[in-house]
Asks: 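I have a structure I would like to understand better, so I am pasting it below and will then ask my questions one at a time.
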Amino acid sequence: MTVTPLGIPRRLLEFTLDGEPVRAPEGSTILDACRSAGKDIPTLCQGDTLTPKNACRVCVVEVAGARTLVPACSRTAEAGMEVLTDTERARHSRKVVLELLASSVDLSTTPGVAGWLKEYEAKPDRFGPDAARLNEEPRVDNDLYVRDYDKCILCYKCVDACGDQWQNTFAISVAGRGFDARIAVEHDAPLTDSACVYCGNCIEVCPTGALSFKSEFDMRAAGTWDESAQSETTTVCAYCGVGCNLTLHVQDNEIVKVTSPHDNPVTHGNLCIKGRFGYQHVQNRD
């Protein structure tokens, strides 16, 4: 059972959301308020355990009096604010952003994108066959996880998770400029020669599958990966006494990957190398 800490009560603010009065706790973002009201605002770079970077711009909404569209993931709700989430201007902006992203990177493993492309009538193919794409082969330089930059949208979530927001390892950052910008370790070296501690917290927050478990990568390549056939069981890691929660993803009676609940007060979705990758002893049948 998940126990939600009560914390300090926050004053409720009242504002207008698509013509309807809504209330949200002081300090909430517009995206928080939209989700509480049951409105589905698309977003890629927003993470529930990270500070918003405003990188993808898919969640933009219209605010009365604002000169430009504002990112719902980071704009704080204010009393008396008038927010419109489904205007022609907001929809057109989301359509163009989705087209640009889908024309330059592979979004085939990004949850929700196929539905958004259809909803906003986005046509990435309209840029033609000569549209610039990364077309880089996945980097498989270790036995734990794979870096597939052809799927990276530069949302910076992995950089933040590895940096001062969680792990404080600072093994990865953004290298290059313009279209050549990419996530890389120091000197763009193999992962095994970097400062990476293989906690896998970057995988946990990656929204597109650019970072994935080696097990998932191999199963997708073999055509055997089937999330609909997977069960999830949350348990407690047995490696030490911290009490981290693990969610075991099991397919065909085999653990295929391990995640951690983001609302857990101990882990907040983060694990160490043993908790995230040290599960083979459970199913070693030799």
Side-chain angles (χ1 to χ4, degrees), residues 1-94 97-98 111-112 116 119-120 153-168 201-202 204-207 234 243-245 247 259-270:
M1 181 179 69
T2 301
V3 178
T4 303
L6 294 178
I8 300 174
R10 291 189 292 172
R11 183 168 63 94
L12 291 177
L13 301 175
E14 186 168 316
F15 63 99
T16 303
L17 183 61
D18 289 334
E20 299 290 334
V22 295
R23 288 185 175 184
E26 189 175 28
S28 298
T29 64
I30 294 176
L31 184 61
D32 292 333
C34 288
R35 288 176 172 173
S36 297
K39 294 184 180 294
D40 181 25
I41 303 296
T43 181
L44 290 171
C45 72
Q46 189 268 346
D48 54 359
T49 62
L50 298 167
T51 301
K53 270 285 197 252
N54 310 325
C56 74
R57 316 301 286 189
V58 179
C59 70
V60 290
V61 296
E62 200 160 354
V63 175
R67 180 177 60 85
T68 61
L69 296 172
V70 302
C73 67
S74 61
R75 179 65 181 268
T76 304
E78 301 173 10
M81 176 183 280
E82 296 180 22
V83 180
L84 298 173
T85 66
D86 201 38
T87 63
E88 182 179 352
R89 186 183 181 194
R91 291 183 64 86
H92 179 72
S93 177
R94 293 173 193 162
V97 169
L98 288 169
W116 297 337
E119 177 183 355
Y120 294 101
I153 61 169
L154 292 175
C155 67
Y156 303 98
K157 292 169 73 174
C158 59
V159 176
D160 290 338
C162 186
D164 58 4
Q165 292 198 35
W166 287 116
Q167 189 62 26
N168 286 289
N201 295 330
C202 54
E204 184 75 39
V205 299
C206 180
T234 298
C244 297
N245 275 200
T247 298
T259 59
S260 183
H262 289 196
D263 60 353
N264 183 265
V266 176
T267 62
H268 300 286
N270 300 294

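All figures in this text were calculated on a predicted structure; none of them were measured in a lab. Note: hydrogens, waters and symmetry copies are ignored here, and every other heavy atom, side chains too, is used.
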Asks: Taking only residues two or more places apart in sequence, or in another chain, which ones meet Glu14 in a side chain to side chain donor-acceptor pair (under 3.5 Å)?
Replies: Arg23

Asks: Counting N and O atoms only, with roles assigned by atom type, does the side chain of Lys53 sit under 3.5 Å from a partner on the main chain of Tyr156, one being a donor and the other an acceptor?
Replies: no

Asks: Step by step, would you call Ser74 with Thr29 a side-chain contact (heavy atoms from CB on, under 4.5 Å)?
Replies: CA-CA 6 Å; Ser74 61; Thr29 64; 5.8 Å; no

Asks: Check step by step if side-chain hydrogen bond (donor to acceptor under 3.5 Å, both in side chains) holds for Asn245 and Thr234.
Replies: CA-CA 7 Å; Asn245 275 200; Thr234 298; over 6 Å; no

Asks: Nearest 0.5 angstrom please: Lys39 NZ to Leu31 CG, how far?
Replies: 13.0 Å

Asks: Taking atom CG of Leu69 and atom OG of Ser93, what is their separation to the nearest 0.5 Å?
Replies: 5.5 Å

Asks: Report yes if the side chains of Val22 and Val83 come closer than 4.5 Å at any heavy-atom pair, otherwise no.
Replies: no

Asks: With a sphere of 6.0 Å drawn around NE2 of His92, does it hold more than 12 non-hydrogen atoms of other residues, nucleotides or ligands?
Replies: no

Asks: Can you see which heavy atom on Ala66 is nearest to which on Val70, and at what distance?
Replies: CB-CG1, 4.3 Å

Asks: Report yes if the side chains of Val97 and Cys56 come closer than 4.5 Å at any heavy-atom pair, otherwise no.
Replies: no

Asks: Is any side-chain heavy atom of Ile41 closer than 4.5 Å to one of Thr85?
Replies: yes

Asks: Going from OG1 on Thr49 to CG on Asn264, what distance comes out if it is rounded to the nearest 0.5 angstrom?
Replies: 12.0 Å

Asks: Please report the C-alpha distance between Arg35 and Thr43 in whole Å, then the side-chain angles of each, then the deciding distance to 0.1 Å, and finally whether the side-chain contact (heavy atoms from CB on, under 4.5 Å) criterion is met.
Replies: CA-CA 12 Å; Arg35 288 176 172 173; Thr43 181; 3.4 Å; yes

Asks: What heavy-atom pair brings Gly80 and Phe15 nearest, and what distance separates the two atoms?
Replies: N-CB, 3.9 Å

Asks: Considering only heavy atoms from C-beta outward, does the side chain of Asp18 approach that of Leu84 to under 4.5 Å?
Replies: yes

Asks: Mind listing the closest non-hydrogen atom pair of Pro42 and Arg94 along with its distance?
Replies: CG-CD, 4.0 Å

Asks: Listed by chain and number, what are the salt bridge (charged side-chain N to carboxylate O under 4.0 Å, His left out) partners of Glu78, not counting sequence neighbours?
Replies: Arg75

Asks: So do the side chains of Ser28 and Thr76 get within less than 4.5 Å of each other, counting heavy atoms only?
Replies: no

Asks: What pair of heavy atoms forms the shortest contact from Ala33 to Leu17, and how long is it?
Replies: O-CD2, 4.2 Å

Asks: For the atom pair CG (Asn201) and CH2 (Trp166), what is the distance rounded to the nearest 0.5 Å?
Replies: 9.0 Å

Asks: By side chain to side chain contact (heavy atoms under 4.5 Å, CB included), which residues pair with Thr259, not counting sequence neighbours?
Replies: Glu204, Thr247, His249, Lys257

Asks: Using every non-hydrogen atom in the two residues, find where Gln46 and Cys73 come nearest and quote the distance to one decimal.
Replies: CG-CB, 3.8 Å

Asks: Can you list the residues that meet the salt bridge (charged side-chain N to carboxylate O under 4.0 Å, His left out) rule with Asp40, with sequence neighbours excluded?
Replies: none

Asks: Taking salt bridge (charged side-chain N to carboxylate O under 4.0 Å, His left out) as the definition, give me every residue that meets it alongside Arg89, ordered by chain and number, with sequence neighbours left out.
Replies: Glu62

Asks: Drop me the distance from Cys45's SG to Leu50's CG, to the nearest 0.5 angstrom.
Replies: 10.0 Å

Asks: Would you say the side chain of Pro207 lies within less than 4.5 Å of the side chain of Cys155, judging by non-hydrogen atoms?
Replies: yes

Asks: Let me confirm one number: the CG-SG distance from Leu44 to Cys206, rounded to the nearest 0.5 Å.
Replies: 10.5 Å

Asks: Sequence neighbours left out, what passes salt bridge (charged side-chain N to carboxylate O under 4.0 Å, His left out) with Asp32? Give chain and number order.
Replies: none

